[in-house]
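Heads up: the structure comes next, in C-alpha cells.
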Amino acid sequence: MIVRISGEGQFKLPDEDAERLNELDNRAVAAVEQGDETGFKELWSQMLEIVASDGNALSDDELVESDVILPPRDIAFHEAKDEFNGDGLIPD
Amino acid sequence: MPGLAGRMSTVVKAKISKMLDRAEDPGETLDYGYQKQVELLQNVKKGIADVVTSKKRLQMQTTKLEQQVVKLDTQARQALAQGREDLARTALERKTLAQTEMQGLDQQVKELEQQQEQLTANELRLRQKIEQFRTKKEVIKAQYSAAEAQVRISEAANGVGEEMADLGLAMQRAEDKTETMRARASAVEELEKAGAFDDVTALGSGQDDIDRQLSELTSGAQVDDELAKMKAELGSGGGDAPALEQGEEKA
C-alpha cells in the first residue's frame, strides 16, 4: 500500500502494515478524544516509525494516489483535535 | 481507514477531485495542472521569503537577548558581592525571562528552518511529477487503446493532484507558523520596549511596575536557586568578584 506523510512524500509499505497502522490509528483517535496528549504523541511516533522502517520512498516517476494520507510529522495536539473534530487539516 | 488517517485522505481526495473535475479531458487537466503549479510556485517563493524574513528578525532578537543575559548575570554577581541581594534578585529575574524568551525563539528558528527545507523539497517533487506526467501521458497514449489510456492518464493525474494538494497544505502551514513567529517577535519587542531586559543600572523611577510583573513572570524557584548558587560561589572565596563588604556570608 502507498502511504503519504503530508509534506514528505509517498512511501510503499507491505500490505500487512495496513492492519498495524489502522490499529494504532484507532488508538490515536481514542487518545485525542480523551485529551491524552502524551498517549497520542507516543502512538503517532509509532505510526511514523512503521513508515520509516518498512517504507520505501516512491520515486518521482510513479504517479499514483495514496491509500492513506498521514498528517504532517510535526502535527500539534490541537491540530490533531481539529482534525478529529471533522474540521479537517485542509480547510476548503 | 477510519479516524485521523481516513479523514485526512478524504479531505485531500475531495480537494483533488474538485481540482480535476474542472477538466474532463486529461489533456486539459494537465494544462490546468501547469497553471496551478505556476500559481503555487509563486506562492511557495513568497512563502519561503516570508519564512526567511521572520527567521532573520528572530535571530537578531536572539543575539540581543544573549548579550543581555551575560550582562545581567555579571550585574547579579556584582550586586551580590556588594551585599545588594535585592538588586541581584532583580537582575536574575530579568535574566531568567530573557533566557526563557531566547529558548522560545531558538525553537521557532529551528522550526522555520525545517519548514523552509520542506517547502523547497515539496516544490521540487511537484515539479518533477508534473514533468513525468507530461512524458507518461504520451507513452500511455501510444501503448493503450483510447479508453484505457483515458483511465490511466486520469490515475496519473490524480497522483499529481495529490502532490499539488499536499504542497498547498504545506504552504498553509508555513504561513500559519510564520504568523505565530511574527506574533512572538512582536511580543518580545514589546517586553524590550517596556524595559523588561534592561540593565539593573538603568533602573529608575517607574521601574517598580515592570519588576512586579517580572517577578510574576519568572519562576521564583529558579531565581532562588541561582541566587543560592551565586552566594555559594562568592562565599567559597573563588572567582574574581569584588570583595564582600557587608555580611552575607551564609551560603
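Every chain is numbered from 1, with letters handed out A, B, ... down the list of sequences. The figures that follow rest on heavy atoms only: side chains count, while hydrogens, waters and symmetry mates do not.
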* Asked: Going by an N to O cut-off under 4.0 Å, is there a salt bridge joining B:Glu179 and B:Arg182?
  -> yes

Notebook entry, point to check: Do B:Gln132 and B:Gln128 have side-chain N/O donor and acceptor atoms under 3.5 Å apart?
Noted result: no

Output for pair (A:Glu62 CD, A:Ile2 CD1), nearest 0.5 Å, gives 6.5 Å

Residues at least two apart in sequence or cross-chain that pass side-chain contact (heavy atoms from CB on, under 4.5 Å) with B:Glu66, listed by chain then number, are B:Thr62, B:Met102

Counting heavy-atom pairs under 4.5 angstrom with chain B, the leader among A:Asp74, A:Val64, A:Val3 is A:Asp74

Looking only at B:Lys136, B:Arg125, B:Glu155, B:Gln118, the option with the highest number of non-hydrogen pairs under 4.5 Å against chain A is B:Arg125

Turns out that what part of B:Ala156 lies under 4.5 Å from chain A's heavy atoms comes down to both

When every non-hydrogen atom of B:Arg184 is compared with those of B:Gly104, the smallest separation belongs to NH2-CA, 3.6 Å

Checklist entry - Can B:Glu138 and B:Arg134 be counted as an ion pair, charged N to O under 4.0 angstrom? => result no

Listed by number, the residues in residues 49-56 of chain A that come under 4.5 Å of chain B (heavy atom to heavy atom) are none

Residues B:Asp50 and B:Lys46 bridged, charged N to O under 4.0 Å: yes

